[in-house]
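Read the structure below first, then the notes.
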Amino acid sequence: MTPIEVITQALELIAAVTVAPLFLGWINQCRAWLQNRSAPSLWLPYRGIRKLFHKDALLAENASGLFRIAPYVVFGAMVVAAAIIPSMGTRLPLTSAADAIALVGLLATARVFQSLAAMDIGTAFGSLGARREMMVGFLAEPALLMIIFVASLISATTALPAITENLATQALGLYPSLAFTGVAFTLVLLAENARIPIDNPATHLELTMIHEAMLLEYSARHLALMEWAAALKLFNYACIGFALFVPWGISTHASGPAALLASIPLLGIKLAGAGLGLALIETVSAKLRVFRAPEFLAVAFLFAVLGLLVHLLLGS
Amino acid sequence: MVTVVPASLNVCVALVGLLGLIGLAGLLRPMSVGWNTALFPLGAVCGVALAWNAAAQIGAPPQTLTLPIGLPDLPMHLRLDALARVFLLLLGATSSAVSIYYAGYFRREHGNGPGLLCLQYHLFLASMGLVLLADDAYAFMVGWECMALSSYFLVTAQHRVPEIRQAGFLYLLMAHVGAIAILLSFGVMQGGSWQFTFDAMRSAQLAPARAAAAFLLALLGFGGKAGLVPLHVWLPEAHPAAPSPVSALLSGVMLKTAVYGVLRVTFDLLGASVWWWGLVPLAVGLFSAVYGAVFAAVQTDMKRLLAYSSIENLGIVFSAFGLALVFRGVGMASLAALALVALLYHSLNHAFIKSLLFLGTGAVLHSTGERNLGRLGGLIHRMPWVAWLTLIGALAMAGLPPLNGFVSEWLLLQAFLFAHEVPRSFVNMLLPLGAAILALAAALAGYVMVKFFGVIFLGQPRETALERAHDAGAFERAGLAVLALACLALGLFPTHLVGLLRVVVQQFTGLALPPQTAPWWLLVPLPDRRASYSGLILLIAIAAVVIVTLLAVRHFYHRRVRRVPAWDCGFGGLNARMQDTAEGFGQPIRHVFGSFFAMQRELPSPFDRTPQYRVTVGDRIWRGLYLPLETLVQRAANAVARLQQGRIATYLLYSFITLVTLLALVL
């Protein structure tokens, strides 16, 4: 491990953990602007997390050890996922331990633990949320894998830094296959992160919710970790999107420390743009009924498969 | 008559014989629980010795032995090569854990006595050993039939229950239909030489059409044993009917003998490499994978759920087999080797994981007497050992890193990813879609496992009787722990096993993975593809983050916890019936995959005093294929029955007519 590898790895880790709530705050702010409301503070997610950490944890009487350990596991999985997605540089030592498929597996691990924890207390809401989350999961996971496959086929590897580097260093040619998968990825991102039109992050209406239903029994530090992990998940998905579709400006093996420095503000700009785009999508679309979600995700899967076929047909 | 015998094969034969003897010893005191409890750990020792003997010299050259028993002109030929060793390793390791568990599993219950069970169980193990060692069609079929029969008696251990008798009959029927196909396949493969040793089959030159026929017959026979759709119907009936340790062996080990058989026939005996052969198992395997997972998700019986999940996993194994055939047929040696390594890895994984899960359900069944998911729940408080050990199995079965289920799926996906390089147009476009189907099956497995674990062990107990549930005994815990450790070890240290399997594949098929240059903690199957994985590092990284977070939270804030009643949005009056039932948890699957099922719904009318909602989910294949087939057989039997008059004069007339006809034909 060279110093620059250690620095890149540490930088990405710290950036992900600290910036993720800000990204969420930014999306909320953009959404408020677009919807003609007065925006909440950009720092509101941080304040929420801090407040929750200070509170006493209330545990249901029949909560098992799994319920208590799950927030830490989910948070841990998300942090490790953040460490293996090239968001600023591709010199990440941890990426040798996990490629793109393992990244999908890591996200699935977090999902399974979250769902199991939701079933632990035995409330109607918890198991409802777990069931819906797993439904979205088993539809979104193959789609995400296909998206990653298309990018892997272009670069002939599933190693994320190699994919990103390959895409970033090529002349600014547009891959038709990536255009299809880009659409698919956007749909998967919305579904996986409990955004409109699949789920509404701002509601606690029991008929519509997925993600919030799973967290109902959590309080204080456990809830804080779950919320933080959710913010990290959104951040991670955004970074996967950047790594696959807009990798330009990332610091590669060939570039020096200056490129790494330059990639920091660039990531900020990308995140700002992505947040604005997400807020726009959420503003103009309405929430789907839960049983329209399979159709929504089938479209995502279909687009990913189309991307694959386009790649194989056109060879690009 | 005994030829030159190197040590290893001798030891294997002795161990297999010893297993049979242990079974016979059970009959000495057939009703004594204590005596038989002592015999099972002996069987476990044999299993460990078998596994060790196989694994220690996995790459050694093949050894042969001719036993002076058998048919007059066909003595029993035995052979121990790399493929047999890897499956003996699977048999020995899995069965030793199951045997330890079984020692603590005896209870006084109706059905067969412990001595009889001991005999059948150990004969079952010994016959599987014989199948793996056989080197001629005769020995193979003897082992195969002994395996089918002994497992039939194990399945029907509680033969006073009509459903179990029915399940056993269906199993026996399907086993014999499969055995006929295998026998025919051997008949085709001897190629007119009428030599039934495997050596003769290896050297026989078959015309392409005959070779294809032999391959398809073998696929039919072994596919039936492996529970591939549409030959799967016996599996979800028979596996749950058996006592749980036997279910573990049926799913974990016996299904793998089918995998062994199909590998032996295709790569060793036929040796032909026609690339399109692979498309058949590939398509059937992928379909079975999704089919099994979808059906597993809607089951309400925990053992049936696991049985369907076995169909899914064997589907994955057969798709890997098909992929390997395609790759080998078009000359892509290293990718074929990768697919085969993934296949063997997944077979081992499934043996350990599925045994662990079945043994877990056995502990639950003994403690609660319930198999129905709708009457379980909250057992993590009453049975913490079983719950946490089963959790490892459930996570591994869901294919989650850093456990072992992920490693084999990862290897297989890596192989699928480069299937587009197959130089056959059209097919190279379809093959990557296989990866998509595989990913769907894997994601569904996650759904199934959340349902399985969540409904049994989490939530509130759905019946008051569950309050009296107790944790498993020491033997049972030991068996579960061994399997859970195996799952962890195969997940965290995959390079060691991949190194072994690489040798196996190279010796068995001549296909080689490129030499491994990566350090021991990093799995890099194909160095030129740059993809790598390390479960160990992933686990360390996650554990480090978890520990740092835990300490940081405690240091900067506090660790105060208050126990309160569940909040439940403040509604109050929470009771166990408000949780999702197993049916409820399967509802999204019934909705999304509605066309897979033959569903019948009974909705209550608004005026019902005691409203009832009933939904039954059936198998379309059972109704569409097997029931018409049964009607057909029944009609044919009825037609034939007319010949039976019960009068001796009529039968004499039949004999006379036959004689005259034969004379007319001959003369």
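Residue A:Ile84: no heavy atom, backbone or side chain, is found under 4.5 Å from chain B. For a residue to count as touching a neighbouring chain, one of its non-hydrogen atoms must lie under 4.5 Å from one of that chain's; by this rule B:Ile589 touches chain A with the side chain only. Contacts of A:Phe67 with chain B are absent, with no heavy-atom separation under 4.5 Å from either backbone or side chain. Using a 4.5 Å cut-off between heavy atoms, A:Ser219 does not touch chain B at all. Neither the backbone nor the side chain of B:Phe457 comes within contact range of chain A, judged by heavy atoms closer than 4.5 Å. Proximity to chain A is absent for every atom of B:Phe426, based on heavy atoms less than 4.5 angstrom apart. Only the side chain of A:Arg68 comes within contact range of chain B, with heavy atoms under 4.5 Å apart. A:Ala63 touches chain B through backbone and side chain together, each having a heavy atom under 4.5 Å away.
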Test log, rule side chain to side chain contact (heavy atoms under 4.5 Å, CB included), inputs A:Leu145 and B:Leu413: CA-CA 10 Å; A:Leu145 215 51; B:Leu413 282 173; 3.9 Å; yes
Candidate pair A:Glu61 and B:Val564, rule side chain to side chain contact (heavy atoms under 4.5 Å, CB included), full reasoning: CA-CA 5 Å; A:Glu61 273 147 2; B:Val564 290; 5.7 Å; no
Worked check of side chain to side chain contact (heavy atoms under 4.5 Å, CB included) between A:Met119 and B:Val455: CA-CA 8 Å; A:Met119 296 179 80; B:Val455 175; 4.0 Å; yes
Derivation of the side chain to side chain contact (heavy atoms under 4.5 Å, CB included) call for B:Glu409 and A:Ile101: CA-CA 10 Å; B:Glu409 273 170 24; A:Ile101 301 173; over 6 Å; no
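Taking all atoms of both residues into account, the shortest heavy-atom contact from B:Asp580 to A:Leu128 is OD2-N, 4.3 Å. Shown here for A:Leu66 and B:Ile380, the closest heavy-atom pair between the two residues is CB-CD1, 4.4 Å. Between B:Ala566 and A:Thr123, the closest heavy-atom pair is CB-CG2, 4.5 Å. Nearest heavy-atom pair across A:Arg131 and B:Gln587 is NH1-OE1, 3.4 Å. Nearest heavy-atom pair across B:Arg563 and A:Ala60 is NH1-O, 3.0 Å. Between B:Val553 and A:Arg221, the closest heavy-atom pair is CG1-CD, 3.5 Å.
Between B:Val450 and A:Glu133, the closest side-chain pair of non-hydrogen atoms is not below 4.5 Å. By the 4.5 Å heavy-atom criterion applied to side chains, A:Met146 and B:Leu440 are not counted as neighbours. Looking only at side-chain heavy atoms (C-beta outward), A:Thr158 and B:Gln414 come within less than 4.5 Å of each other. Within the 4.5 Å cutoff, the side chain of A:Leu106 has heavy atoms near those of the B:Ile542 side chain. A 4.5 Å side-chain heavy-atom check between B:Phe571 and A:Phe125 finds at least one atom pair inside the cut-off.
Comparing A:Leu160, A:Val305, A:Asp56 by heavy-atom pairs within less than 4.5 Å of chain B, the highest count is held by A:Asp56. Contact count versus chain A (heavy atoms, under 4.5 Å) is highest, among B:Leu536, B:Leu574, B:Asn575, for B:Leu574. Of the listed residues A:Asp120, A:Val80, A:Leu94, the one with more heavy-atom pairs under 4.5 angstrom with chain B than any other is A:Asp120. For the options A:Ser115, A:Ala156, A:Pro294, heavy-atom pairs under 4.5 Å to chain B are most numerous at A:Ala156. For the options B:Trp521, B:Phe556, B:Phe406, heavy-atom pairs under 4.5 Å to chain A are most numerous at B:Phe406. Each of A:Ala159, A:Ala97, A:Pro142 has some count of heavy-atom pairs under 4.5 Å with chain B, and the biggest count is that of A:Ala97. Heavy-atom pairs under 4.5 Å with chain A peak, among B:Pro432, B:Ala398, B:Ala443, B:Ala442, at B:Ala443. By number of non-hydrogen pairs under 4.5 angstrom with chain B, the leading residue of A:Val112, A:Leu144, A:Thr95 is A:Val112. Contact count versus chain B (heavy atoms, under 4.5 Å) is highest, among A:Ala102, A:Ala162, A:Ala83, for A:Ala102. Of the listed residues B:Gly584, B:Ala441, B:Pro402, the one with more heavy-atom pairs under 4.5 angstrom with chain A than any other is B:Gly584. When B:Leu522, B:Val592, B:Ile537, B:Asn428 are compared by the number of non-hydrogen pairs under 4.5 Å with chain A, B:Leu522 comes out ahead. Of the listed residues B:Pro565, B:Ala541, B:Gly446, B:Ala576, the one with more heavy-atom pairs under 4.5 angstrom with chain A than any other is B:Pro565.
When the heavy atoms of residues 69-78 of chain A are compared with those of chain B, the residues falling under 4.5 Å are A:Tyr72, A:Val73, A:Phe75, A:Gly76, A:Ala77, listed by number. Applying a 4.5 Å heavy-atom cutoff, the residues of residues 386-397 of chain B that approach chain A are B:Trp388, B:Leu391, B:Leu395.
A donor-acceptor pair under 3.5 Å is formed between the side chain of B:Ser532 and the backbone N or O of A:Ser96. Judged by distance alone, with hydrogens and angles left aside, the side-chain atoms of B:His420 form no donor-acceptor pair with the main-chain N or O of A:Leu312 at under 3.5 Å. Under a 3.5 Å cut-off, the side chain of A:His54 and the backbone N or O of B:His558 do not form any donor-acceptor pair. With hydrogens and angles disregarded, a donor-acceptor distance shorter than 3.5 Å links the side chain of A:Glu217 to the backbone of B:Asp568.
Remark: B:Arg562 CZ to A:Leu59 CG distance equals 11.0 Å, nearest 0.5 Å. To the nearest 0.5 Å, atoms CG (A:Leu116) and CZ (B:Phe453) are separated by 6.5 Å. One distance of note links CG of B:Leu417 with CD1 of A:Ile148; it measures 11.0 Å at 0.5 Å rounding. Rounding to the nearest 0.5 Å gives a distance of 5.5 Å between CG of A:Leu309 and CG of B:Leu433.
By the 30° and 60° cut-offs, the orientation of the rings of B:Tyr447 relative to A:Phe138 is perpendicular.
Within a 6.0 Å radius of CZ in A:Phe303, no more than 12 heavy atoms belonging to other residues, nucleotides or ligands are found.
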